[in-house]
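Below: the structure, in structure tokens.
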Amino acid sequence: MTAQRRTFIAAAAFLMAGAFTTLPALAAKPLVIGFSQVGAESEWRTANTVSIKAAAKQAGVTLKFADAQQRQENQVKAIRSFIAQKVDVIAFSPVVESGWDTVLREAKAAKIPVILTDRDVNVADKSLYVTLIGSDFVEEGRKAGRWLVDYAKKQPGKTLNIVELQGTVGSAPAIDRKAGFDEVIKGNPQLKVLRTQTGEFTRAKGKEVMEAFLKAHGRSINVLFAHNDDMAIGAIQAIEEAGLKPGKDIAIVSIDGVRGAFEAMIAGKLNVSVECSPLLGPQLMQAAKDVVAGKPIAKRIVTEERVFPAEIAAKEFPNRKY
Ligand code: AHR
């Protein structure tokens, strides 16, 4: 090979290498979403995290995930860090409803769109977020209340004493589920709420508070309304340890529809679970892509949900995805 030909081949190789190294720069930049999650308090939350991470992977989205461990200040810090990193979209599931105005104004000033998933915020300026994707918690509370009204009808003349395990104080699901439930049972002479207290959406706290309810009211408790399945499952343990039969001596109504609740229903220990779907990942990815592409987007995207009474639990169990 002549020296001239060798020089030609080397130059061609150099140019080709250059062309290939510049290729990625031409490819579309992946969308970057900063997501602040509430924590890992329940089976529901774990399924929600799995759904968001899997959907991001599937959609080719770079996800910056931060676990707030139930603390609003951690979520505020995470949002500020996402702003500093100039992510394309910020998404978060707010641990509580109030106290978001300042940080959301900072995101707006940085021109970063904010998408809420699962839980709402209480802000006067609704332009601080693009959309809220998630359940109608008031309706979930109503569904729980309607089930109980029907249950009471089957025992005419009997007063049913209710204890209620609320979710995290100040959170949208705790506020709204209580409101929906109260709205439906209000004025029903058979239904009387004896005690209501937070169980923080966890099994451990649900058990602890149920133990206290049982200590104070014992066998006069007829119904437990738990704002989520995890607290109901914790309470079931407390009821059994008190020598009573959950699902029979005390009827139990809860919310989420997680696998653990289905197992409890099949075992006859839980009477009904109102569905609250955590599978929000695909909708979040689509909404983020749409908002960045400048497409119009609905201010509220509501998840479709069902009610699962114990009678259909065994049939539905194989279809459950969380
Ligand atoms: O915000 C949704 C609620 O949060 C779920 O019902 C509960 O299980 C979770 O912790």
Side-chain angles (χ1 to χ4, degrees), residues 35-52 67-72 74-75 91-98 100 115-122 129 132-145 164-181 198-207 209-210 224-236 252-265 270 272-281 283-284 300-308 320-322:
F35 182 78
S36 169
Q37 179 60 289
V38 169
E41 73 281 7
S42 60
E43 226 181 298
W44 189 101
R45 188 66 53 197
T46 305
N48 181 244
T49 295
V50 169
S51 169
I52 286 164
D67 179 339
Q69 299 180 340
Q70 308 296 319
R71 296 171 69 152
Q72 183 173 32
N74 290 345
Q75 292 203 293
F92 77 115
S93 179
V95 60
V96 290
E97 272 193 341
S98 56
W100 298 104
I115 297 178
L116 304 176
T117 66
D118 166 33
R119 298 182 180 182
D120 205 354
V121 291
N122 190 357
Y129 64 88
L132 161 61
I133 305 169
S135 310
D136 179 341
F137 296 137
V138 177
E139 188 54 25
E140 288 172 354
R142 288 191 194 113
K143 286 174 180 169
E164 178 182 26
L165 284 169
Q166 293 190 38
T168 306
V169 175
S171 69
I175 296 167
D176 293 354
R177 286 172 184 168
K178 176 157 188 52
F181 182 78
T198 183
E200 295 168 7
F201 279 135
T202 68
R203 286 187 191 198
K205 196 73 188 171
K207 179 170 188 262
V209 178
M210 190 67 205
L224 163 67
F225 168 42
H227 287 194
N228 83 342
D229 290 337
D230 279 72
M231 291 189 294
I233 291 166
I236 285 172
I252 307 179
V253 187
S254 72
I255 297 179
D256 275 354
V258 298
R259 283 178 163 271
F262 274 76
E263 283 160 5
M265 285 194 279
L270 177 72
V272 61
S273 184
V274 174
E275 187 178 34
C276 174
S277 176
L279 309 177
L280 305 177
Q283 282 166 302
L284 169 60
R300 183 75 172 95
I301 300 170
V302 184
T303 321
E304 276 185 32
E305 287 153 351
R306 300 170 59 191
V307 175
F308 298 107
R320 300 306 293 157
K321 295 195 172 60
Y322 59 94

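Values below: every heavy atom of this structure, side chains too, minus hydrogens, waters and symmetry copies. Order of listing sets the numbers, starting from 1, for every ligand and every atom in it. Along the sequence shown, residues carry numbers from 1.
- Within 6.0 Å of the CZ atom in Arg300, the count of heavy atoms belonging to other residues, nucleotides or ligands exceeds 12.
- Taking a heavy-atom cut-off of under 4.0 Å, ligand 1 is surrounded by Glu41, Ser42, Trp44, Arg45, Asp118, Arg119, Phe137, Pro173, Arg177, Phe201, Asn228, Asp256.
- Under 4.0 Å is where a charged nitrogen must lie from a carboxylate oxygen, and between Arg45 and Asp118 at least one such pair does.
- Across Ile252 and Ala232, no two heavy atoms sit closer than the pair CG2-CB, 4.0 Å.
- Looking only at distances, a side-chain donor or acceptor of Asn228 sits under 3.5 Å from a matching main-chain atom of Phe201.
- Between the side chains of Ser98 and Asn122, no donor-acceptor pair is found at a separation under 3.5 Å.
- Between the side chains of Glu140 and His227, no donor N or O sits under 3.5 Å from an acceptor N or O.
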